[in-house]
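Within every chain, numbering begins at 1; the chains are lettered A, B, ... in the order of the sequence lines, protein sequences first and strands thereafter.
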There are 2 protein chains.
Amino acid sequence: MTNSSTVHHTSECVRVSEVLARVGDKWSIQVIATLGEGPRRFSELKRGIDGVSQRMLTLTLRGLERDGLITRKVTPSIPPRVDYALTDVGKSLLEPVKALGDWAIANRTTVDAARSIYDARTDDI
Amino acid sequence: MTNSSTVHHTSECVRVSEVLARVGDKWSIQVIATLGEGPRRFSELKRGIDGVSQRMLTLTLRGLERDGLITRKVTPSIPPRVDYALTDVGKSLLEPVKALGDWAIANRTTVDAARSIYDARTDDI
DNA sequence: GGAATTAGTCACTTTGATGTGCCTTTGTTA
DNA sequence: TAACAAAGGCACATCAAAGTGACTAATTCC
């Protein structure tokens with residue numbers, strides 16, 4: 001233990017970090033957003049999410065399924081069919097994520113400007 | 001271009017992902033949360049955030065400064081003194097992040113339960 | 001008969017993020 | 001006289017995340 005003043009919000013921060021880690025990877029948000037429009041099968045997700053590899057889509061879906069954010073329904077036909085859909089928990093996550101998205105849209109120019117200024121300033125050092 | 005049905009929300013998703021990448025790393029949230037309580041100097045942040053190395057704190061602060069989320073005020077004394085504080089943009093980010101934090105707290109047991117079930121189910125396959 | 005489809009898995013490589021330990025600078029303190 | 005303080009910088013090591021390409025099954029379509 002290195003401090004005491006921040007102990008009360010440290011665990012909360014860790015929790016937030018966990019969610020952000022869960023949802024902050026390269027593909028989870030796009031999967032959740034796509035499934036927010038309705039159930040999709042694997043190949044539909046793959047086609048809909050630009051640049052995702054089969055492997056990464058599989059891993060992402062497994063992770064989301066593990067955390068109970070999506071369901072996976074297998075139809076053992078030939079060729080096989082697997083449908084993914086958001087659970088209620090998954091849907092509820094859509095809301096705070098959208099809030100963050102709104103912030104991103106609202107502040108994109110400000111952030112971009114700050115970035116340009118910073119880069120220009122540090123370039124000539 | 002691989003699809004058309006998701007074109008309209010793809011850029012939005014990318015934006016959200018950028019914010020999540022910005023804020024979803026290991027330390028940014030804790031820095032922002034700590035600075036949410038008021039300005040802090042480097043060593044205070046380092047002591048307050050458990051486990052962060054000097055290097056990672058520096059990198060995190062540089063990144064946040066670059067995006068205009070925090071300010072860095074140098075007082076050239078001996079020993080040097082550097083104060084960090086949230087900008088208005090940084091403060092505004094606190095809100096949606098808190099929303100996500102609330103979701104995390106509200107759903108922690110649900111997610112943990114789902115995870116246990118999933119792990120138990122996949123263990124014996 | 002050969003190609004395409006579906007939902008993956010497997011082995012391998014590459015990239016990026018993170019961590020560790022040592023160095024500096026000048027003044028104060030033990 | 002030697003250590004310590006603050007706020008890093010720098011070189012190096014490590015490790016997890018992400019990407020790549022090949023392979024599978026059975027069936028239908030051409």
Side-chain angles (χ1 to χ4, degrees), chain A residues 2-3 13-14 17-31 34-35 39-67 70-85 118 121-122 125, chain B residues 2-3 13-14 17-31 34-35 39-67 70-85 118 121-122 125:
Chain A
T2 56
N3 69 82
C13 271
V14 169
S17 292
E18 280 176 26
V19 178
L20 287 172
R22 156 73 288 174
V23 133
D25 66 358
K26 204 167 172 184
W27 306 112
S28 289
I29 281 290
Q30 300 196 57
V31 169
T34 306
L35 290 180
R40 293 282 188 279
R41 45 194 303 196
F42 186 87
S43 54
E44 289 174 333
L45 287 169
K46 175 147 168 38
R47 274 191 295 271
I49 297 171
D50 203 30
V52 72
S53 66
Q54 256 175 324
R55 175 183 138 82
M56 287 317 297
L57 184 53
T58 301
L59 288 178
T60 303
L61 290 167
R62 290 283 179 281
L64 295 173
E65 187 197 359
R66 182 168 112 97
D67 286 354
I70 65 172
T71 57
R72 178 171 180 269
K73 197 177 65 186
V74 182
T75 308
S77 58
I78 303 279
R81 177 193 181 96
V82 180
D83 289 275
Y84 292 94
Y118 184 92
R121 190 158 53 80
T122 51
I125 291 183
Chain B
T2 55
N3 68 80
C13 272
V14 169
S17 292
E18 281 176 25
V19 178
L20 288 171
R22 155 74 288 170
V23 134
D25 67 358
K26 204 166 171 184
W27 306 111
S28 289
I29 281 290
Q30 299 196 57
V31 169
T34 306
L35 290 181
R40 294 282 187 277
R41 45 193 305 195
F42 187 88
S43 53
E44 289 173 333
L45 287 169
K46 177 148 166 37
R47 273 191 295 270
I49 298 171
D50 202 29
V52 72
S53 64
Q54 250 174 332
R55 173 182 143 81
M56 287 316 297
L57 183 54
T58 301
L59 288 178
T60 303
L61 290 168
R62 290 286 178 279
L64 294 173
E65 187 197 359
R66 180 168 115 97
D67 286 354
I70 64 173
T71 56
R72 177 170 182 271
K73 197 176 67 185
V74 182
T75 308
S77 57
I78 303 277
R81 175 191 182 96
V82 180
D83 289 276
Y84 293 94
Y118 184 92
R121 190 158 55 81
T122 53
I125 291 184

- Who pairs with A:Arg81 by salt bridge (Lys or Arg N to Asp or Glu O under 4.0 Å), at least two apart in sequence or on another chain? A:Asp83
- Message: Based on the rotation axes of five pairs at each end, what angle does the helix from C:dA7-D:dT24 to C:dA30-D:dT1 bend through, to 10°?
- Response: 30°
- Query: So how far is it from A:Arg72 CZ to A:Arg66 CZ, rounded to the nearest 0.5 Å?
  - Reply: 15.5 Å
- Message: Between the base of D:dA18 and the side chain of A:Arg55, is one N or O donor paired with an acceptor at under 3.5 angstrom?
- Response: yes
- What distance separates B:Thr34 OG1 from B:Trp27 CH2, expressed to the nearest 0.5 Å? 11.0 Å
- Message: So if I take every side-chain heavy atom of A:Gln54 and compare against C:dG8, C:dG19, D:dA6, which nucleotide ends up nearest?
- Response: C:dG8
- Distance (rounded to the nearest 0.5 Å) between A:Ser43 OG and A:Leu57 CG: 9.5 Å
- Query: If you take all heavy atoms of B:Ile49 and B:Gln30, which pair is closest and at what distance?
  - Reply: CG2-OE1, 3.8 Å
- Query: At their closest point, which heavy atom of A:Glu44 faces which heavy atom of A:Pro39, and how far apart are they?
  - Reply: OE1-O, 4.5 Å
- B:Ser43 side-chain N/O to D:dA7 phosphate OP1/OP2 under 4.0 Å: yes
- Which heavy-atom pair separates A:Pro80 from A:Arg41 by the least distance, and what is that distance? O-NH2, 3.6 Å
- Could you check which residues of residues 56-66 of chain B get a heavy atom under 4.0 Å from DNA chain D? Sort them by number, please. B:Thr58, B:Arg62
- Message: Quick check on C:dG8: is either OP1 or OP2 less than 4.0 Å from any side-chain nitrogen or oxygen of A:Arg72?
- Response: yes
- B:Arg81, nearest nucleotide to its side chain (from C:dA7, D:dA7, C:dT18): D:dA7
- Task: Send over the distance from B:Lys73 NZ to D:dA7 C1', rounded to a whole Å.
- Result: 16 Å
- Query: Reckon B:Lys46 has a side-chain N or O less than 4.0 Å from the OP1 or OP2 of D:dA6?
  - Reply: no
- Minimum-distance nucleotide (side-chain atoms of A:Arg41 versus C:dA7, D:dA7, C:dG19): C:dA7
- How many Å lie between CZ on B:Phe42 and P on D:dA5, as a whole number? 15 Å
- Task: Check side chain to side chain contact (heavy atoms under 4.5 Å, CB included) between A:Arg22 and all other residues, then give those that pass, not counting sequence neighbours.
- Result: A:Asp25, A:Ser28, A:Leu64, A:Asp67, A:Leu69
- Message: Output the rounded distance in Å from CD1 (B:Ile49) to P (D:dA7).
- Response: 14 Å
- Message: Per the side-chain hydrogen bond (donor to acceptor under 3.5 Å, both in side chains) rule, what does the pair list look like for residues 55-65 of chain B, sequence neighbours excluded?
- Response: none
- For B:Tyr84 and B:Leu35 the tightest heavy-atom approach is O-CD2, 3.5 Å
- Query: Could you give the CD-to-P distance, from A:Glu44 to C:dT5, as a whole number of Å?
  - Reply: 15 Å
- Check the distance between C:dG16's C1' and B:Trp27's CH2 and give it to me in whole angstrom. 17 Å
- Message: From the set D:dA18, C:dA7, D:dG19, return the single nucleotide nearest to any side-chain atom of A:Asp25.
- Response: D:dA18
- B:Ile70 versus B:Leu61, closest heavy-atom pair with distance: CD1-O, 3.5 Å
- Query: In whole angstrom, what separates A:Leu45's CG from C:dT6's C1'?
  - Reply: 13 Å
- In B/S/- notation (B base, S sugar-phosphate only, - none; protein heavy atoms under 4.0 Å), nucleotides 25-30 of chain D written 5' to 3' is -BS---
